[in-house]
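Both backbone and side-chain heavy atoms feed into the values below; hydrogens, waters and symmetry mates do not. Just so we're on the same page: letters track the sequence lines, and every chain starts at 1.
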There are 2 protein chains.
Amino acid sequence: MDSSPNLDAVFAALANPTRRAILARLVAGEASVNTLAAPFEMSLPAISKHIRVLETAGLITRGRDAQFRPCALNPDALRQVANWTDQYRHIWDVRFDAMDRILKSTKDTENG
Amino acid sequence: MDSSPNLDAVFAALANPTRRAILARLVAGEASVNTLAAPFEMSLPAISKHIRVLETAGLITRGRDAQFRPCALNPDALRQVANWTDQYRHIWDVRFDAMDRILKSTKDTENG
DNA sequence: TGCTTAATTAACATGTTGTTTTATTAATGA
DNA sequence: TCATTAATAAAACAACATGTTAATTAAGCA
């Protein structure tokens, strides 16, 4: 059933405030390792490791620009979290059914 | 900024397939530790610890019924995950803005 | 070439997680 | 009271996570 090995890595990556802060920063756009490290008191290797964890989980992708290795958000992994969460939405969200119907009809419109 | 200690525990709890499967089972309703343990090959103490992790993270609550300690989902923690996720929704979901407007208007209707 | 900047690797200390087996607590019911 | 069932606690241990400092790779530039 629920044995998707990827979700393990994604949730584990999200279970750290430094890594969530890095993701939050990347919403504003690509950034180098040093740029991402700046707000933290932590050493650069520590941030480098956090970035590796995010990359392995698929939450970010990395590019190349001279010595720089710019990081960018990967929407796919975030969407995976959202999809997992949506499974539970009806438990608390009384508006879920209505929203679900609306989204479905939007999709129908797109496909029609 | 993003220093909510609770999200750490919630995401850490979700980073394990056994614990996610337990949550999935609890959608069907309350269950005792033994009932929850049945589908797994793991020892009972191991499941007991997983349940403790879920409880500490606030993802489940526990009751008392004779020797039984029934577990139930706690929507609040799941909603917390959804709220975090929703921060990123606009990154991939082109329908996010429309949905957001719809939900806001629904809320207005409720409050009016 | 040699210097500087960006980033990773290596080696290490320390703490946490996931699991086991064995022992214990606590409630039920004959 | 004694046996049974439900669940937790305790002790042990391997594996992994998180951070450090020091060393290394790699690109850019004088």
Side-chain angles (χ1 to χ4, degrees), chain A residues 2-23 25-26 29-72 77, chain B residues 1-26 29-72 77:
Chain A
D2 182 55
S3 62
S4 36
N6 214 181
L7 263 190
D8 288 14
V10 169
F11 280 129
L14 296 178
N16 180 290
T18 301
R19 289 193 292 258
R20 289 199 304 280
I22 289 172
L23 289 182
R25 162 63 185 79
L26 289 176
E30 284 198 358
S32 70
V33 175
N34 271 284
T35 302
L36 291 171
F40 301 100
E41 307 218 322
M42 217 170 290
S43 69
L44 202 59
I47 298 293
S48 193
K49 283 191 190 182
H50 281 305
I51 286 171
R52 164 68 63 92
V53 171
L54 289 169
E55 187 186 14
T56 300
L59 281 158
I60 65 171
T61 57
R62 317 203 57 186
R64 254 260 146 82
D65 177 13
Q67 314 103 305
F68 303 85
R69 310 288 313 279
C71 304
Chain B
M1 269 280 178
D2 184 55
S3 62
S4 38
N6 213 183
L7 264 190
D8 287 14
V10 169
F11 279 129
L14 296 178
N16 178 290
T18 301
R19 289 194 291 260
R20 289 199 305 279
I22 289 172
L23 288 182
R25 162 64 184 79
L26 289 175
E30 284 198 358
S32 70
V33 177
N34 271 285
T35 301
L36 291 171
F40 302 100
E41 307 216 323
M42 216 171 290
S43 70
L44 201 60
I47 297 292
S48 191
K49 284 194 186 180
H50 281 306
I51 286 171
R52 164 68 63 92
V53 171
L54 289 169
E55 188 186 13
T56 300
L59 282 157
I60 64 171
T61 57
R62 317 202 56 184
R64 254 261 146 83
D65 177 15
Q67 314 102 305
F68 304 86
R69 309 289 313 277
C71 304

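Put simply, CG on Asp8(B) is 13 Å from P on dT16(C), counting in whole angstrom units.
When all heavy atoms of Ala13(A) and Ala57(A) are compared, the closest pair comes out as CB-CB, 3.9 Å. Taking both residues in full, the closest heavy atoms of Asp8(B) and Asn16(A) are given as OD1-C, 4.4 Å, listed atom of the first, atom of the second, then distance.
Within residues 58-71 of chain A, the residues approached by DNA chain C to less than 4.0 Å at the level of any non-hydrogen atom are Arg62(A), Gln67(A), Phe68(A), Arg69(A), in residue-number order.
A 4.5 Å side-chain heavy-atom check between Thr18(A) and Ile47(A) finds at least one atom pair inside the cut-off.
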Below 3.5 Å between N/O atoms, which protein atoms pair up with nucleotides 18-20 of chain C? Just atom names and distances, please.
from, atom 1, to, atom 2, distance (Å)
dG18(C), OP1, Asn16(B), ND2, 3.4
dG18(C), OP1, Arg19(B), NH2, 3.4
dG18(C), OP2, Arg19(B), NH1, 2.9
dT19(C), OP2, His50(B), NE2, 2.7
dT19(C), O4, Lys49(B), NZ, 2.4
dT20(C), OP2, Ser43(B), N, 2.9
dT20(C), OP2, Ser43(B), OG, 2.7

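In terms of the side chain to side chain contact (heavy atoms under 4.5 Å, CB included) criterion, residue partners of Ala77(B) (sequence neighbours excluded) are, by chain and number, Val10(B), Leu59(B).
Sorted by first and then second residue, the side chain to side chain donor-acceptor pair (under 3.5 Å) pairs with a member in residues 40-64 of chain A read Arg19(A)-His50(A); sequence neighbours excluded.
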Under 3.5 Å, side-chain donor or acceptor atoms of residues 29-40 of chain B against the rest of the protein: list the pairs with distances, not counting sequence neighbours.
from, atom 1, to, atom 2, distance (Å)
Ser32(B), OG, Thr35(B), N, 3.2
Ser32(B), OG, Thr35(B), OG1, 2.8

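To the nearest 0.5 Å, atom CD1 of residue Ile22(B) and atom SG of residue Cys71(B) are 8.0 Å apart.
Along DNA chain D, read 5' to 3', the first and last nucleotides having any atom under 4.0 Å from a heavy atom of chain A are dT18(D) to dG28(D).
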